[in-house]
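Okay, structure first, notes after.
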Amino acid sequence: MNNETFFELLQRIAKWIIRYYDNIESYPVKSQVEPKEIYNKVAKLDNQTPASIDEIMSDFEKIILPGITHWQSPNFFAYFPANTSPPSILAEMLTSAIAAQCMVWETSPAAAELEEFTLNLLRQYIGLPESFNGVIQDTASTATLVALTVAREKKSAFSINENGFDGKTYRVYCSGEAHSSIEKAAKIAGYGRNNVVKIPTDAKYSMQTKLLEKAIKEDIEKGYLPCAVVSAFGTTGSTAIDPIDEIAEIANKYDLFHHVDAALAGSALILPEMRQMAEGIEKADSFVFNPHKWLLTNFDCSAHYVKDKETLIKTFSITPEYLKTAVDEQVNNYRDWGIQLGRRFRALKLWFVMRYYGLEGLQNFIREHLTLAKYFAENIIAEGDFELLAPVNFNTVCFRYVRSDGRMGLDEINEKLLKTLNATGKIYVTHTKLDEKYTIRFVVGQTNTKKRHVDAALELIKQTASKLV
Ligand SMILES: *Cc1c(COP(=O)(O)O)cnc(C)c1O
């Protein structure tokens, strides 16, 4: 492709993006296609013969777009947000044009140094002390896998790294509400899924630390090795907060590695008024949150902070001859800070976002969502037809309809309500189970969600529910 054609196409795609954002509210938020529909349509195309971008774009619009769930719609209230923003998209375009492979400092010094710089600045923004060093991982799942691998090596004095497993049973603790990535990490890092001890939670879905200590003591009696504990700052189900400070004390007492999973809610720490909720965070060994969820930066960009970078690096570094460079002693080679060798230049989009919005812009963004979530919560329960099922700590509201017609149970009614809402295409919400109850989650966090979107959602939910029974 010559540069002239490429330039024309770039302009076309730029126009397409603007039109997409202009019209995004006209698409059904949740894709309405059936399984295999997209696959079969793509497979029917003449895929071997070279095609023009015109043809490919036309197929993209006809076949691919209907199979997209529009995460950037301001009416997306499902799962958790996956933000993007204009500065993030612009940086991502540059990243894909430069297409550097940023495995070590030498393969693009700017990538390594911007990663170090942006994560230092972000650390300051969220109030973590300077004793933490940051690295960008692809996802929080990876950060948690990295953390639990480091924990294992610390506990075994690097003998598992060198000689493989030693026949001892290493145990990990987290609450019953903790994210599935902890169990997944335990499977992969060799703890075994059955060695994840799920500690019961209290009425607010926070870990009961007395039961944590009890479980640790019981494990020691059984001859197991308590190795790591994972606190949640914002669980996936209801954004519950574990008592980080108390957990830190127990971790210290029993020599456990303490990782804090703040994948979604960590962004809220950019507001000084939210920091008291994370009391004790400075005592943790490892902390992760995702700017790719709720800080205007497109997927993937997960900020992982560790207190002891030497142990992290020792766990992951392998230096074959062809990867040795003259500056290894002076710089960060992030290939040693995690699983991958090859790395994308992810810091660029984070830097664009942080500079474009500034600290105050980022704070206003989070504050507005917190306000809108509170507003939704107050209004959904105002007439007594709905109840809240968990405290609204951040941007997530857990609720259900409570009027029954005597024919359907509340679980059934709320499941039907959720399906009916999503089939309208006007909003997208998802569910969880809290205390065995079918729970609808309403998450405010999309880049362009404003009060009018929340108002329209409130109206739609109330109307739809009243027609169900
Ligand atoms: C979303 C989420 C994760 C998983 O994040 P990924 O970056 O997709 O791996 C883990 N923990 C919590 C609490 C989450 O909300």
Side-chain angles (χ1 to χ4, degrees), residues 69 71 76-84 88 119 122 126 134-149 172-189 196 198-199 201 204-207 228-242 244 247 258-269 274 277-278 281 284 286-305 338-340 344 346 349-350 366 369 373 390 392-398 430-432 434 439 441-446:
T69 290
W71 285 72
F76 183 100
F77 302 106
Y79 303 101
F80 44 79
N83 288 168
T84 190
S88 187
L119 285 203
L122 191 59
I126 61 171
V135 52
I136 301 180
Q137 309 284 10
D138 52 11
T139 58
S141 302
T142 298
T144 296
L145 172 59
V146 165
L148 290 187
T149 308
V172 182
Y173 308 86
C174 61
S175 94
E177 291 289 318
H179 191 263
S180 57
S181 56
I182 293 147
E183 219 169 296
K184 192 171 187 178
K187 281 172 77 170
I188 308 168
V196 177
K198 303 259 179 80
I199 308 298
T201 51
K204 290 178 171 172
Y205 303 103
S206 310
M207 188 194 287
V229 58
V230 182
S231 301
F233 182 70
T235 58
T236 308
S238 71
T239 59
I241 305 166
D242 288 335
I244 295 172
I247 294 170
H258 184 193
H259 174 60
V260 178
D261 176 7
L264 169 77
S267 294
L269 295 176
M274 299 299 281
M277 294 168 116
I281 196 100
S286 170
F287 172 85
V288 65
F289 88 102
N290 288 342
H292 72 224
K293 273 185 167 159
W294 193 24
L295 209 58
L296 294 160
T297 308
N298 70 277
F299 192 84
D300 50 357
C301 182
S302 188
H304 182 200
Y305 290 94
I339 292 160
Q340 335 165 231
R344 302 181 68 232
R346 298 193 192 90
K349 60 191 173 192
L350 184 58
I366 298 291
H369 290 161
V392 182
N393 292 326
F394 303 100
N395 63 343
T396 303
V397 184
C398 293
T430 47
H431 82 283
T432 189
L434 289 174
T439 304
R441 296 167 73 259
F442 187 89
V443 186
V444 186
Q446 206 286 323

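Order of listing sets the numbers, starting from 1, for every ligand and every atom in it.
- The shortest heavy-atom contact between C301 and H292 is N-ND1, 2.9 Å.
- There is a side-chain donor-acceptor pair under 3.5 Å between T144 and H259.
- Of all non-hydrogen atoms in I241 and S206, the two that sit nearest each other are O-OG, 2.8 Å.
- Close approach to T139 involves these atoms of ligand 1, each under 4.0 Å from a residue heavy atom: 6 (P), 7 (O), 9 (O).
- Taking all atoms of both residues into account, the shortest heavy-atom contact from V288 to A143 is CG2-CB, 3.4 Å.
- What sits closest to atom 9 (O) of ligand 1 on the protein, heavy atoms only, is S141 OG, 2.5 Å.
- In terms of modelled atom types and a separation under 3.5 Å, the side chain of S302 and the main chain of A140 share a donor-acceptor contact.
- At least one donor-acceptor pair closer than 3.5 Å links the side chain of R441 to the backbone N or O of G237.
- Ring pair H369/W294 is parallel by interplanar angle, where below 30° counts as parallel and above 60° as perpendicular.
- Classified by interplanar angle (parallel below 30°, tilted 30° to 60°, perpendicular above 60°), the ring pair F80/W71 is tilted.
- In this structure, A232 falls outside the shell of residues with a heavy atom less than 4.0 angstrom from ligand 1.
- With a 4.0 Å cut-off on non-hydrogen atoms, D261 touches ligand 1 through its side chain and not its backbone.
- Counting atoms of ligand 1 from 1 in the listed order, those under 4.0 Å from a heavy atom of G234 are 13 (C).
- Polar contact check, A263 against ligand 1: no nitrogen or oxygen pair lies under 3.5 Å apart.
- Residue N290 has at least one heavy-atom neighbour below 4.0 Å for each of these atoms of ligand 1: 5 (O), 6 (P), 7 (O).
- Ranking protein heavy atoms by distance to atom 1 (C) of ligand 1, first place goes to K293 NZ, 1.4 Å.
- Checked against a 3.5 angstrom limit, the closest N/O atoms of T235 and ligand 1 fall outside it.
- Which parts of ligand 1 touch T236 is read off a 4.0 Å heavy-atom cut-off, strictly below it: atoms 12 (C), 13 (C), 14 (C), 15 (O).
- The protein atom (non-hydrogen) at minimum distance from atom 4 (C) of ligand 1 is H179 CE1, 3.4 Å.
- Looking at S181 next to ligand 1, no N or O pair under 3.5 Å apart turns up.
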For L145 and I339, run side chain to side chain contact (heavy atoms under 4.5 Å, CB included): C-alpha distance rounded to whole Å, both residues' side-chain angles, the deciding distance at 0.1 Å, then the answer.
-> CA-CA 9 Å; L145 172 59; I339 292 160; 3.4 Å; yes
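- Distances below 4.0 Å separate heavy atoms of H292 from the following atoms of ligand 1: 7 (O).
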